[in-house]
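These notes concern the structure reproduced below.
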Number of protein chains: 2
Amino acid sequence: MKEMDCVSFCRALGDETRQDILQLLQTRGEMRVNDIVAAFGRSSQPTISHHLKVLKQESLVTSRRAGKEILYALNQNNVEECCGMLWAKFAEGKAGLSSPANRLAEHGPNARS
Amino acid sequence: MKEMDCVSFCRALGDETRQDILQLLQTRGEMRVNDIVAAFGRSSQPTISHHLKVLKQESLVTSRRAGKEILYALNQNNVEECCGMLWAKFAEGKAGLSSPANRLAEHGPNARS
DNA sequence: CAATCACATAGAGGAATTTCAATACGTCGA
DNA sequence: TCGACGTATTGAAATTCCTCTATGTGATTG
């Protein structure tokens with residue numbers, strides 16, 4: 001399961017196409033490479049394949065062979081763990097002012113806008 | 001307050017020196033540029049200045065003039081908001097399996113290891 | 001005002017990244 | 001086994017990024 005590194009995680013997310021791939025896999029579930037390519041239309045198959053490789057190196061996606069095809073899926077657990085790592089690194093500075101849970105409520109994902 | 005973009009936020013964090021600067025500012029609070037340079041020892045002053053510019057463009061740090069010096073500080077609110085944005089984008093996929101709050105408890109910042 | 005201090009900006013070299021066309025590899029069906 | 005299909009890899013061009021030295025800018029001091 002690859003050692004986790006905030007920097008390389010962010011680097012992997014620092015590309016629009018890769019973020020779009022992750023989001024696509026999140027909403028559609030397991031997908032074939034060609035279907036991902038088709039869903040974008042803007043990038044060649046080798047380009048998508050390269051991005052998938054980067055994402056896989058960070059364990060953000062998984063892949064399995066199914067006959068001729070290879071199916072990619074979001075590695076939800078690891079994605080969430082990495083996001084949590086980021087949060088832990090940069091958002092738990094002023095402990096005592098508010099608990100992490102409180103800060104999540106204030107600025108986090110389920111904050112009431 | 002700059003429009004927020006997951007990709008450029010991650011790109012800003014996709015560099016070790018920049019992550020180190022943020023962490024330094026988090027633990028030490030407001031700092032002069034030269035003190036940041038000194039704290040690293042490994043990077044030139046213009047290099048640090050460049051990274052600070054990148055971080056400021058993403059509103060991850062603030063700066064104010066104090067005489068000859070310029071003081072940089074972590075923009076805690078925005079950092080947390082961006083982390084929350086990331087979480088919201090990639091960690092709230094399978095709604096229904098567990099609530100966002102539950103997933104935070106399972107994999108999030110304050111998860112028991 | 002001149003010198004100095006603290007920092008920003010300009011410019012350049014080199015490394016890394018993104019992307020594509022071409023090609024190689026692995027699998028299945030005939 | 002041969003051809004076709006789906007995907008990975010290679011190699012190269014274009015762009016972006018990181019870092020440095022050199023220099024510019026703004027503020028203080030003498």
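Order of the sequence lines sets the chain letters (A, B, ...), proteins ahead of strands, with each chain counted from 1.
Distance from the side chain of Ser43(B) is smallest for dC20(D) among the nucleotides dT7(D), dC20(D), dT19(C). Here dC5(C) is the nucleotide among dA8(D), dC5(C), dT19(D) with the atom lying nearest to any side-chain atom of Lys68(B). Listed candidates were dC7(C), dG26(D), dT19(D). Nearest to the side chain of Val33(B) is dC7(C). Comparing atom distances between the Arg32(A) side chain and each of dC7(C), dT18(C), dG6(D) picks out dG6(D) as nearest.
Gln45(B) contributes no side-chain N or O that forms a donor-acceptor pair with the base of dA6(C) under 3.5 Å. Residue-to-nucleotide contacts include no donor-acceptor pair under 3.5 Å from the side chain of Glu69(B) to the base of dA27(D).
Computed from coordinates, the Arg11(B) CZ to dT15(D) P distance equals 16 Å when rounded to whole Å. Distance CD1 (Ile48(B)) to C1' (dT9(C)): 16 Å, rounded to an integer number of Å. Look at CG on Leu71(B): it is 11 Å from P on dA8(C), rounded to the nearest Å. Atom pair Glu16(A):CD and dT19(C):P shows a separation of 10 Å (rounding to whole Å applied). Here the P atom of nucleotide dG24(D) and the CD1 atom of Ile70(B) are 19 Å apart, to the nearest Å. To the nearest angstrom, P of dG6(D) lies 17 Å from CZ of Arg64(A). To the nearest angstrom, C1' of dC7(C) lies 13 Å from CG of Asp35(B). Rounding to whole angstrom units, OH of residue Tyr72(B) and P of dA6(C) are separated by 15 Å.
Nearest-nucleotide positions on DNA chain D for Ser63(A) and Val54(B) put Ser63(A) closer to the 5' end.
When atom types are taken as modelled, the side chain of Gln76(A) and the backbone of Phe90(B) share a donor-acceptor pair closer than 3.5 angstrom. Distance alone, capped at 3.5 Å, places no donor-acceptor pair between the Asp5(B) side chain and the Glu58(B) backbone.
Phosphate contact (OP1/OP2 of dT19(C), side-chain N/O of Ser44(A), threshold under 4.0 Å): absent. Close to dT17(C), at under 4.0 Å from its OP1 or OP2, lies no side-chain N or O of His51(A). A sub-4.0 Å separation between OP1 or OP2 of dC20(C) and a side-chain N or O of Thr47(A) is present. In terms of phosphate contacts, Asn34(A) brings no side-chain nitrogen or oxygen within less than 4.0 Å of OP1 or OP2 of dC5(D).
Between Thr17(A) and Arg42(A) the shortest side-chain heavy-atom distance falls below 4.5 Å.
Residues meeting the salt bridge (Lys or Arg N to Asp or Glu O under 4.0 Å) test with Glu16(B), sequence neighbours left out: none.
Classification of Glu30(B) and Arg64(B) as a salt-bridged pair holds, one side-chain N sitting under 4.0 Å from a carboxylate O.
Residue contacts shown for His50(B) include a base, since a base heavy atom lies under 4.0 Å away.
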